[in-house]
Every structure is written in structure tokens, then in C-alpha cells.
There are 2 protein chains.
Amino acid sequence: MISQKAKYALRAIMALAGTKEPVLIGDIAEQENIPKRFLEQILLDLKHQGLVMSRRGRIGGYFLVRPPEDITIGEVLRTIDGPLAPLPCLSKMAYRACDDCDDEATCRVKALFADVAEATRRALDQTTFADAIAKKHPLVRARR
Amino acid sequence: MISQKAKYALRAIMALAGTKEPVLIGDIAEQENIPKRFLEQILLDLKHQGLVMSRRGRIGGYFLVRPPEDITIGEVLRTIDGPLAPLPCLSKMAYRACDDCDDEATCRVKALFADVAEATRRALDQTTFADAIAKKHPLVRARR
DNA sequence: ACCATCTCGACCGATTTTGTCAAGTTATAT
DNA sequence: ATATAACTTGACAAAATCGGTCGAGATGGT
Ligand code: FES
Ligand code: FES
């Protein structure tokens, strides 16, 4: 299960996917039904990760750095929920030794999950936001 | 990331995979380095799920109901950690509506995760304990 | 200069995780 | 029958995580 925070992040990016213009945090929050102050945190995390950029001041707001077809679910989930591997010792991006396993080389749990980890990693890093948008009809843009 | 509890459960099943004889909780706990009282809970959950059986009394202990090659990671993870789908609305075994999504049919988040959920589900439900045991043994010094 | 807007860090209640413990119940050997 | 080894159940609790709020500050357009 992904966290609610991650779900908000994904929706926020969807909201940015339609335009090149900066979008206000408040507008995203209202449109996607996300608590505004919480969304601020989330967008800030995404910015620190380099997924989005922001402009301050009068005509400020957030916008995507890359086009939606170049952004994967994996990137967003890693940023918000942390490593997505089932075990720390199987994470390619954020490897950590399992502190309760003596010998990683012969660990049966690690062996058990090797293929699973690879499969989910591939799935998450290959699915982009363009996939979702193409699959569903685009949302109606009633705002001005 | 799977929970520590799930990891314990997997190791416990590995410990049972080698024999048809009942194994004591205490023996599993010592061999796999699991807090005994905690392991009791875990094995009880697995028993309620029908994955293992127990015999009481003098020569008691736990043993597998089915052979290791018929037990998948998915079953164990579902029992201990709950639904393994990334979203409640995508769980085949434990469907739940997403309370923060108005229209599930046009939900872009759900669409985004459809393929990912299917891929991970397949991986988890196809990998059995026999896979890990078979894969692990060749790691011993036989190869050079 | 003004003000809308983003930025940063601290804080907070509820829930989940990771266990512990006490008091049973049951089956087996002798 | 009795002792005993083992499983069973439910309550309890410290620590971490989750979901969210808040105040104060920094920044840029007009
Ligand atoms: S080393 Fe990571 S699970 Fe054993
Ligand atoms: S309906 Fe499940 S994520 Fe929208």
C-alpha cells in the first residue's frame, strides 16, 4: 500500500502535467482535494528531488521540469515513501544491510525476494504519467 | 518494504520447510533468531490462515500443511502484512473503495497503477519457497 | 514598498509496529 | 492420574510512522 502522501504527490503531478504555466499550490490543493499545508510539504520534497520547479512571487506556482512521459511512478514513490524494494538489502538506489541477517550472501529471504524485487522495480520505473493520461480521457479544464 | 513481522514469518516457514516432523516454537525462535513470544503470535496467524498446523503436548510443534513448492510469498505477506496491492481499489483479494476518490472509473491514480499492481501480484503469487531453497543451495562452495 | 507566494522547521494526535507478559488450555509420556 | 511440555488467547506498552497543522521567514513581480 502506498501512503496517502504519495497519492497526493501523484495527483499533484497529474495536475501539473497539463500545462507549462506555473500552477498555484492553492489551486492544486482545491482541484485535487488535498490539504494545502500538507501539499506544500509534498511539493517541496518533489522540488528537492528535482522533479518539479517553482517560481515565487506574484505569478508564482509549481511546474514540471520534465514532460509527463519522462516521469515514472518509481521516482515519485521513492521521493515520498522512501525505498521501494521489499528489503533494504535489495534496494539498488538505497542499499542498506539487513541488521538481522548474518550472511547476506546465503540469506534465503533475500534469495526469495530477488525476482520479486526486480519485477516490481521494472514495473515502477517503466510506467510513466503519460501512460495513465493516455489511458484515461483527459480531465476537463474548467478553470481560467 | 515488508515488515519485520513478515520477515520473521518467512524465516519460520523456511525453518519448517525441511522436515515433516513438528518443530518446536522455541527451536525455530533460536535457530532463526526471532523473539519467541512474538513468534508465537506469528505462527498463530499463519495457522489461522491455514498455512501451518500445530500439534500440542509432549512431542508437539508446528509443521507445514502443504509442501514448500506450493506456498507462495504472496500468501504469507497477505496474512501478515495485509493486502499487497498498492491501492485498496486495486486489491483482488481485499477490495476496498478509495474514500478520497470520487469516481473510481475515471481515477487517474488507479489507471496509473493498474499494470504495476498486476505485475507485482503475479511476481508475489508465482514465487514459492521451493524457488528460494533451490536457488540458495548452489551458492554453497560447490561452485568455483 | 507591497503583497502574494513559496520555504523551512517545529510540533502534534492517532495509528501501527514490535514486541512482552500473564493466565489459561491441551495433549503426551510415564 | 499426574506432571510436563507445549500451544492459545488477550491485554499491555514503548517506539516509530503517518497524516496533518502552524508560525515565521524568504523571495520575486508590480
Ligand atoms: S540480508 Fe537482507 S534479508 Fe537477509
Ligand atoms: S479510486 Fe483508488 S486511487 Fe482513485
Side-chain angles (χ1 to χ4, degrees), chain A residues 1-12 15-16 21-30 32-65 77 79-84 86 88 96 98-100, chain B residues 1-12 16 21-30 32-65 77 79-83 86-88 98-100:
Chain A
M1 290 282 182
I2 70 171
S3 68
Q4 187 66 24
K5 197 173 174 183
K7 199 166 167 182
Y8 288 156
L10 295 166
R11 290 220 292 246
L16 299 181
E21 300 301 305
V23 184
L24 302 189
I25 290 185
D27 285 357
I28 305 176
E30 189 185 353
E32 300 290 340
N33 225 354
I34 304 172
K36 187 186 169 194
R37 303 306 289 273
F38 198 25
L39 180 59
E40 291 179 10
Q41 275 186 20
I42 295 167
L43 286 171
L44 208 49
D45 286 345
L46 294 176
K47 175 180 182 177
H48 288 153
Q49 183 60 27
L51 270 165
V52 303
M53 286 288 273
S54 65
R55 195 162 78 194
R56 298 210 237 202
R58 195 100 190 179
I59 317 263
Y62 274 93
F63 51 94
L64 293 183
V65 166
L77 254 47
T79 303
I80 304 297
D81 282 351
L84 41 77
R96 260 186 45 227
C98 296
D99 38 337
D100 65 328
Chain B
M1 291 280 182
I2 71 172
S3 69
Q4 188 65 22
K5 196 175 175 182
K7 198 167 167 181
Y8 288 157
L10 295 166
R11 289 219 293 245
L16 299 181
E21 301 300 306
V23 185
L24 304 188
I25 290 185
D27 286 356
I28 305 175
E30 189 183 353
E32 301 290 340
N33 226 354
I34 305 172
K36 187 187 167 192
R37 308 304 283 278
F38 197 24
L39 179 59
E40 291 179 10
Q41 279 184 17
I42 295 168
L43 286 170
L44 209 48
D45 286 345
L46 294 176
K47 177 181 179 176
H48 288 152
Q49 181 61 25
L51 270 166
V52 304
M53 287 285 276
S54 66
R55 193 162 84 194
R56 300 211 235 200
R58 192 99 188 172
I59 316 265
Y62 274 92
F63 51 94
L64 292 183
V65 166
L77 254 47
T79 302
I80 303 297
D81 281 351
L87 298 167
C98 296
D99 38 335
D100 64 329

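- Among the protein residues, B/Leu43 comes within range of no part of the nucleic acid, since none of its heavy atoms lies under 4.0 Å from any strand.
- Rounded to whole angstrom, the span from the CZ atom of A/Phe38 across to the C1' atom of D/dC22 amounts to 14 Å.
- Here B/Leu24 lies in heavy-atom contact (under 4.0 Å) with sugar-phosphate atoms only.
- Considering only heavy atoms from C-beta on, A/Lys7 comes within 4.5 Å of B/Cys98 through its side chain.
- The residue among B/Gly26 and A/Leu39 whose nearest nucleotide of DNA chain D is located toward the 5' end is B/Gly26.
- For B/Arg56, counting side-chain heavy atoms from C-beta on, the closest listed nucleotide (D/dC7, D/dG19, D/dT30) is D/dC7.
- What separates CZ of B/Phe63 from C1' of D/dA6 is a distance of 14 Å, to the nearest Å.
- When side chains are defined from C-beta on, B/Met53 counts as touching B/Phe63, because their heavy atoms get closer than 4.5 Å.
- In this structure, A/Gln4 places its CD atom 15 Å from C1' of D/dT17, rounding to the nearest Å.
- Among residues two or more places apart in sequence or in another chain, the salt bridge (charged side-chain N to carboxylate O under 4.0 Å, His left out) test is passed with B/Glu40 by B/Arg37.
- For the pair A/Tyr8 OH and D/dG19 C1', the interatomic distance rounds to 8 Å; values are reported in whole Å.
- The only option from A/Leu46, A/Leu51, A/Leu44 that meets the side-chain contact (heavy atoms from CB on, under 4.5 Å) definition with A/His48 turns out to be A/Leu44.
- Within a 6.0 Å radius of CD in A/Gln4, other residues, nucleotides and ligands contribute more than 12 heavy atoms.
- The nearest whole Å value for the distance from the CZ atom in A/Arg55 to the P atom in D/dG29 is 7 Å.
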Return the polar atom pairs (N/O with N/O) between nucleotides 9-16 of chain D and the protein under 3.5 Å, or none.
| residue | atom | partner | partner atom | Å |
| --- | --- | --- | --- | --- |
| D/dT9 | OP2 | B/His48 | NE2 | 3.3 |

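- Look at NZ on A/Lys36: it is 22 Å from P on D/dG19, rounded to the nearest Å.
- Among residue pairs with one or both ends in residues 56-65 of chain A, none qualify as side chain to side chain donor-acceptor pair (under 3.5 Å); sequence neighbours excluded.
- In this structure, A/Asn33 and B/Asp100 have side chains that are not in contact, with every pair of non-hydrogen atoms separated by 4.5 Å or more.
- Nucleotides of DNA chain C with any atom under 4.0 Å from a heavy atom of chain B span, from 5' to 3', C/dT18 to C/dA29.
- When each of B/Gly60 and A/Ile59 is assigned the nucleotide of DNA chain D bearing its nearest heavy atom, the one mapping closer to the 5' terminus is B/Gly60.
- With sequence neighbours excluded, the residues forming a salt bridge (charged side-chain N to carboxylate O under 4.0 Å, His left out) with A/Lys5 are A/Asp45, listed by chain and number.
- Residues satisfying the side chain to side chain contact (heavy atoms under 4.5 Å, CB included) criterion with B/Ala6, sequence neighbours excluded, are B/Ile2, B/Ser3, B/Leu77, B/Ile80, B/Asp81.
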